[in-house]
Amino acid sequence: MVESFTAEERAALSPYVTNLDGPVFALTNLPEVVKGALFARYSRSPKSLRRLLLDEFMGTGALERPVGPAFDTTRAEQLYERVFFEYGDDSVAQLGGVHLACEGASNILTKVLEWGRLMAYLEQSTRYIPYDDQPGGRYRYHVPQELAGPLRERYVATLDRVFETYRTWLPRLRDSFAARFPRAQGDSEQVYRMSIRAKALDTLRGLLPAATTSNVGIFATGQAYEQLLLRMRAHPLAEVRDYADLMLVELRKVIPAFLRRVDLAERGGAWSSYLAETREAVREMAERVAGPTAPAPRDEVTLVDFDPDGEVKVVAAALYAASSLPDDQLLAIARALTHEERLDILAAYAGKRGNRRHRPGRAFERTAYRFDVLTDYGAFRDLQRHRLLTLEWQRLTPRHGYVMPVAVEDAGGREDWERVMEDSAWLHDAIADAGLGEAASYAVAMAYRVRFYMDMNAREAMHVIELRTAPQGHPAYRRVCQAMHRLIAERAGHRAIAAAMTFADHSEVALERLESERAAERRRRS
Ligand SMILES: Cc1cc2nc3c(=O)[nH]c(=O)nc-3n(C[C@H](O)[C@H](O)[C@H](O)COP(=O)(O)OP(=O)(O)OC[C@H]3O[C@@H](n4cnc5c(N)ncnc54)[C@H](O)[C@@H]3O)c2cc1C
């Protein structure tokens, strides 16, 4: 259906839609709340969206109005008030998004911010940004409000010393890597320098405490922000709760209607209390039933759960959309096939993959793997960014020991590294002994290990393993994901699924960033 508009209407609409005639168009120059409210009206109006914009949001008087700030959002606010707040139709809160900058957040807080699946994040990197400067006269770390008096003084003195050590070792480690990996003929000074610098920063990040601050950009819907704020307001750490208050103020400037419930005692308040109470109840129970048990030794990565029948099920699932048979009948057929026939089907389903983005379809979601991982906090931080899986982690403490990079030892840094680790553990224990176990994690260096699990289907495993074993990745998470790939093939026996992960990379890499820097330079020159 082609809808016609008068010349006057076309002129009024043109700043706000990318196409005045076709069925597909994007919304431009509109406040977030208007975009969301417009989409929300789709469900209950026979009118087209452009007509709704003219009739209900602009009004005849608004037709002459200029673009942007002059837009009247009252009508949209009222609509949200009714549909979202009064009727409780949460889906309309998924229709407006906000780009929100979150700066100066500790590495404990960033993990809380990056918990939601339905949000997009971009975070400052410890690989490209040296944490050796002192903006405003202070190193970049968070001082928790929970600490006072001598404990606070000890915290600041210890963390300052840690950052001094990081600052001292950055040029030393750069020199050490430069001596070990001389510049190849044909590499420009810039390509070489960037690769060496990234390697030094990657290696030294283990010294940084979890209190180190970072900047995160978030793009998400009103509903995702509401959920995040509810979780944050229930959090045991003051930093997280205070940050939620700051976010709420800013978000209310752009999407107030989506966030009305958050701090109403009987709505969001009760919701946050529910989250806090259940967390505390389970913590007490876990302490009672599991607290006295010592952890058994484990490898860095353990495959704790998988379906021995997983490959057969994926074969049946691969046939599903191309067949008219019921699911269980297809499973019986898949079981009756020979091993070679099943491999042929899986090979056809995975197809010829030109690059890692050519990913097979949802049949690979038919089987899953649960990995228990015990690796350094730096690697955990990176792997936690994957959203299409289930990942939960335990509190960061020094109890699982730390990693000692060979490169630091080779450069003569063992003693300094060990001193930072010991200081970090002492500080942690002093804070924990003061009854502030949760805040004690801020003191723990990122080289310390943390335990977490990743439970993911084979399709997400393919994405995670292929992305995170790429040669330009950090060696710590490369090692974890290489182990996952081997375990899928050898422990689960899903050799065909593992083989479909063509871009899992098990190579040894000397300078992780070198190829990417070379490619970037080629692109700059072309
Ligand atoms: C070498 C390297 C360097 C990196 N450097 C940085 C850095 O400097 N800063 C930084 O912030 N991150 C960095 N990352 C992390 C990276 O940008 C991703 O955030 C991370 O890999 C997890 O996200 P994902 O989208 O790949 O995968 P998942 O979250 O596992 O999602 C899988 C896929 O689902 C889809 N998907 C998931 N969620 C959404 C969504 N909300 N919207 C649309 N599609 C979605 C996408 O197709 C995605 O690829 C780096 C990663 C690598 C490997």
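Atoms within a ligand are numbered from 1 in the order they appear, just like the ligands themselves. It should be emphasised that the depicted structure is a prediction, and the values quoted were computed from it without experimental measurement.
- Between Y477 atom OH and H386 atom NE2 the span is 8.0 Å, to the nearest 0.5 Å.
- Ranking protein heavy atoms by distance to atom 47 (O) of ligand 1, first place goes to R359 NH2, 4.7 Å.
- For atom 40 (C) of ligand 1, a protein non-hydrogen atom is found at a distance below 4.0 Å.
- For ligand 1, the polar-atom distance check against H386 finds a nitrogen or oxygen pair separated by under 3.5 Å.
- The protein non-hydrogen atom at the shortest distance from atom 8 (O) of ligand 1 is S125 CB, 3.4 Å.
- Taking 4.0 Å as the cut-off between side-chain N and carboxylate O, E490 and R486 do not count as a salt-bridged pair.
- The closest approach between a heavy atom of H474 and any atom of ligand 1 is not below 4.0 Å.
- Among N215, I129, L388, the residue whose heavy atom lies closest to atom 31 (O) of ligand 1 is L388.
- Counting heavy atoms under 4.0 Å from ligand 1, residue Y477 touches it through the side chain alone.
- Note: no N/O pair closer than 3.5 Å links R127 and ligand 1 by distance alone.
- Defined by atom type and a distance below 3.5 Å, a donor-acceptor pair is present between the side-chain atoms of E164 and Y139.
- Looking at atom 26 (O) of ligand 1, its nearest protein heavy atom turns out to be H463 NE2, 2.9 Å.
- Nearest protein neighbour of atom 5 (N) of ligand 1, counting heavy atoms only, is Y128 CE1, 4.8 Å.
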**Message:** Using the rule given for side chain to side chain contact (heavy atoms under 4.5 Å, CB included), can you reason through L228 versus R231, listing the C-alpha separation, both sets of side-chain angles and the distance that settles it, and then say yes or no?
**Reply:** CA-CA 5 Å; L228 172 61; R231 284 195 301 276; 3.8 Å; yes
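- With 3.5 Å as the limit, one finds no donor-acceptor pair spanning the side chains of Q94 and T221.
- A donor-acceptor pair under 3.5 Å is formed between the side chain of Y166 and the backbone N or O of Y131.
- Protein heavy atom nearest atom 17 (O) of ligand 1, with residue, atom name and distance: R385 NH2, 4.5 Å.
- For Y225 and F258, the distance between ring centers is not under 6.0 angstrom.
- For ligand 1, the atoms lying closer than 4.0 Å to a non-hydrogen atom of L467 are 21 (O), 26 (O), 53 (C).
- Under the 4.0 angstrom criterion, atom 43 (C) of ligand 1 counts as lacking any protein heavy-atom contact.
- In this structure, atom 28 (P) of ligand 1 is in close contact with the protein, since a protein heavy atom lies within 4.0 Å of it.
- A donor-acceptor distance shorter than 3.5 angstrom exists from the side chain of R252 to the backbone of L259, with no hydrogens or angles considered.
- Closest heavy-atom approach to atom 50 (C) of ligand 1 among the candidates R468, E512, E123: R468.
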**Item:** Step-by-step side chain to side chain contact (heavy atoms under 4.5 Å, CB included) determination, F25 to L27
**Value:** CA-CA 7 Å; F25 55 93; L27 299 178; 4.1 Å; yes
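- Contact annotation for atom 10 (C) of ligand 1: protein present (non-hydrogen atoms, distance under 4.0 Å).
- Residue contact check for ligand 1: E460 places a non-hydrogen atom closer than 4.0 Å to it.
- Below 30°, between 30° and 60°, or above 60°: for W393 and F380 the angle between ring planes is between 30° and 60°, a tilted geometry.
- Within the listing of ligand 1, atoms 11 (O) sit less than 4.0 angstrom from a heavy atom of L122.
- Using a 4.0 Å cut-off between charged side-chain N and carboxylate O, E226 and R267 make no salt bridge.
- Shortest contact from atom 37 (C) of ligand 1 to any protein heavy atom: R387 NH2, 3.5 Å.
- Distance screen at 4.0 Å: atom 14 (N) of ligand 1 has no protein heavy-atom neighbour inside the cut-off.
- Checked by atom type and distance alone, the side chain of Q124 never pairs as donor or acceptor with a backbone atom of I129 at under 3.5 Å.
- Rounding to the nearest 0.5 Å places CZ of F452 at 5.0 Å from CG of L383.
- When each atom of ligand 1 is checked for a heavy atom of M119 under 4.0 Å away, the hits are 41 (N).
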